Number of protein chains: 2
Amino acid sequence: MNSLAEENYLKALYKLGGKSNEVQTNALADKLSTKASSVTDMMKKLSDKKLVNYEPYKGVSLTKEGYAIAIGVVRKHRLWEVFLVDKLAFKWDEVHEIAEQLEHIQSAELIEKLDEFLDYPKFDPHGDPIPDKNGKIYQHLEVTLSQLEKSEKGIVVGVKEHSKAYLNYLDNLNLMLGTEVFIEDKVEFDSSMKVKINNAEVVTISNQATKNLYIKKLN
Amino acid sequence: MNSLAEENYLKALYKLGGKSNEVQTNALADKLSTKASSVTDMMKKLSDKKLVNYEPYKGVSLTKEGYAIAIGVVRKHRLWEVFLVDKLAFKWDEVHEIAEQLEHIQSAELIEKLDEFLDYPKFDPHGDPIPDKNGKIYQHLEVTLSQLEKSEKGIVVGVKEHSKAYLNYLDNLNLMLGTEVFIEDKVEFDSSMKVKINNAEVVTISNQATKNLYIKKLN
DNA sequence: ACATAAATTTAGACTAGTCTAAAAATATAT
DNA sequence: ATATATTTTTAGACTAGTCTAAATTTATGT
Ligand SMILES: [Mn+2]
Ligand SMILES: [Mn+2]
Ligand SMILES: [Mn+2]
Ligand SMILES: [Mn+2]
């Protein structure tokens with residue numbers, strides 16, 4: 001069994017390096033809001049447990065087993081988020097902190113039953129794919145809104161940034177998962193876009209915001 | 001915010017001493033499967049936080065605030081058990097360990113929404129009363145099966161002992177919450193009882209087992 | 001190539017929680 | 001009343017996880 005701290009390191013490693021990319025000590029420290037020295041200590045421990053490949057000064061990556069654990073934590077996080085939104089009526093900007101806690105509950109049976117109860121969802125409330133029980137995860141290759149050209153059309157399928165501030169901002173624009181967007185115009189100067197939402201009002205969206213919205217192109 | 005360890009000490013103190021009874025160091029150590037010296041250390045800390053009244057060598061009791069926290073943990077534990085049994089189809093002997101983890105999730109909003117989702121249950125799967133959001137808890141004054149006399153009738157409303165072994169034993173006898181029991185006979189020698197279950201088969205139940213079953217008398 | 005900067009590791013300290021063994025306080029039994 | 005047993009506390013050590021500051025390694029610029 002792995003501790004809560006170990007699970008969080010493995011998950012961060014997954015988020016930064018995926019299945020096998022090397023991650024640098026400082027990058028991991030930043031992600032976890034901790035210090036590089038703490039990361040080094042933990043990498044030694046996880047290396048001893050054969051959950052990461054670690055060579056001093058050379059960065060670190062997940063082993064097969066470490067990856068499996070990380071993906072399991074991600075699975076739990078996202079399933080709990082679905083539960084909170086679909087069953088308990090939380091809003092999508094309110095669930096992350098609670099899921100950060102719930103993702104560490106240890107019980108394989110619990111998570112399988114939860115999955116069934118939720119009817120085997122494929123995506124979480126932010127459009128992120130949920131790994132299946134075997135750790136298989138659908139990688140969405142959607143473009144971001146910022147990559148659409150003038151007169152192109154698409155559907156919002158996910159968010160890249162999960163901060164409350166950003167999610168609230170999207171709520172205010174009526175931009176949620178499933179919303180249809182049509183590019184009225186792109187402003188060259190600051191890369192902002194004029195976007196028609198659900199065939200109704202047209203709003204201007206900054207590049208900062210368009211970069212963080214995943215879109216599935218239509219037509 | 002209190003740590004997981006602190007919450008467990010407070011809960012154990014509630015289970016042993018209720019709202020205000022003095023609890024001895026060793027009793028608490030036993031309950032928590034820890035050592036008396038660890039208890040002493042923690043009592044000092046909780047006393048500093050004004051969650052317990054502690055005088056060296058004199059036992060310890062919950063303060064008003066400590067009681068409120070303990071009852072909150074109990075509320076969470078029991079609500080989660082209802083969720084696991086009613087929504088995820090766990091059996092009543094499978095939920096305790098998972099609830100031990102879930103009871104430490106920190107989010108007032110979560111627990112209120114869970115309560116609503118479960119339709120404000122009054123009792124958990126073992127018949128234990130669930131404190132309401134203000135910490136008010138119904139104290140069931142039911143008798144135990146062992147206290148019934150020959151020819152008396154009652155309904156099973158709760159279990160005193162929560163071990164998997166005991167719950168499985170009850171399952172095998174078809175004794176669950178709501179079951180009707182009728183005392184065919186009491187055996188003086190070993191205090192065992194011959195009990196007719198749901199007006200059908202008659203079984204013999206040891207004193208050890210009858211002492212741990214709460215009954216609401218009928219007639 | 002060499003100096004400087006950046007990244008990383010090491011050394012040592014700290015907290016929370018636990019333990020064992022010894023000391024001290026309290027209870028019990030004759 | 002005094003010895004003995006029980007209970008509780010203290011003293012000191014240990015682990016997990018974290019931090020700061022210093023040392024070391026690697027990268028970069030001229
Ligand atoms: Mn999240
Ligand atoms: Mn999410
Ligand atoms: Mn329980
Ligand atoms: Mn229960």
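Nothing here was measured: the structure is a model prediction, and the numbers come from that model.
Note: OH (B/Tyr57) to C1' (D/dT7) measures 9 Å, nearest angstrom. Here the C1' atom of nucleotide D/dT9 and the CE atom of B/Met43 are 13 Å apart, to the nearest Å. Spacing between atom CE of B/Met42 and atom P of D/dT10 amounts to 16 Å, rounded to whole angstrom units. The distance from atom CD of B/Glu6 to atom P of C/dT15 is 15 Å, rounded to the nearest whole Å. For A/Asn2 and D/dA16, the CG to C1' distance is 14 Å, given to the nearest whole Å. Whole-Å rounding puts the A/Asp41 CG to C/dT8 C1' distance at 12 Å. Going from atom CG of B/Leu4 over to atom P of C/dT15 covers 21 Å, rounded to whole Å. Here the P atom of nucleotide C/dT8 and the CD atom of A/Glu22 are 11 Å apart, to the nearest Å.
Across all strands, B/Thr25 comes closer than 4.0 Å only to sugar-phosphate atoms, never to a base (heavy-atom distances). Using a 4.0 Å heavy-atom distance criterion, A/Ala36 is classed as a base contact. Residue contacts shown for B/Lys58 are absent, as no nucleic acid heavy atom lies under 4.0 Å away.
Within a 6.0 Å sphere centred on CD of A/Glu152, other residues, nucleotides and ligands contribute more than 12 heavy atoms. Within a 6.0 Å sphere centred on CD of B/Gln208, other residues, nucleotides and ligands contribute 12 heavy atoms or fewer.
Close to C/dA6, at under 4.0 Å from its OP1 or OP2, lies no side-chain N or O of A/Asn26. Dashed line: the shortest gap from a side-chain N or O of B/Tyr9 to OP1 or OP2 of C/dA16 is not under 4.0 Å. An OP1 or OP2 oxygen of D/dT10 is reached within less than 4.0 angstrom by a side-chain nitrogen or oxygen of B/Lys44. The phosphate of C/dC19 (OP1 or OP2) has a side-chain N or O of B/Ser38 nearer than 4.0 angstrom. A close approach under 4.0 Å does occur between a side-chain nitrogen or oxygen of B/Gln24 and OP1 or OP2 of D/dT8. Close to D/dC19, at under 4.0 Å from its OP1 or OP2, lies a side-chain N or O of A/Thr34.
Ion pairing of A/Lys11 with A/Glu100 is present here, as a side-chain N (NZ or NE/NH1/NH2) and a carboxylate O approach within less than 4.0 Å. The existence of a salt bridge linking B/Glu161 and B/Lys211 is excluded, since no basic side-chain nitrogen approaches an acidic carboxylate oxygen closer than 4.0 Å.
Heavy-atom distances to DNA chain D give each of A/Lys35 and A/Pro56 a nearest nucleotide, and the one nearer the 5′ end belongs to A/Lys35.
If you check distances only, the side chain of B/Thr40 never reaches the base of D/dT10 with a donor-acceptor pair under 3.5 Å.
Ring centroid separation for the pair B/His126 and B/His96 does not come in under the 6.0 Å cut-off.
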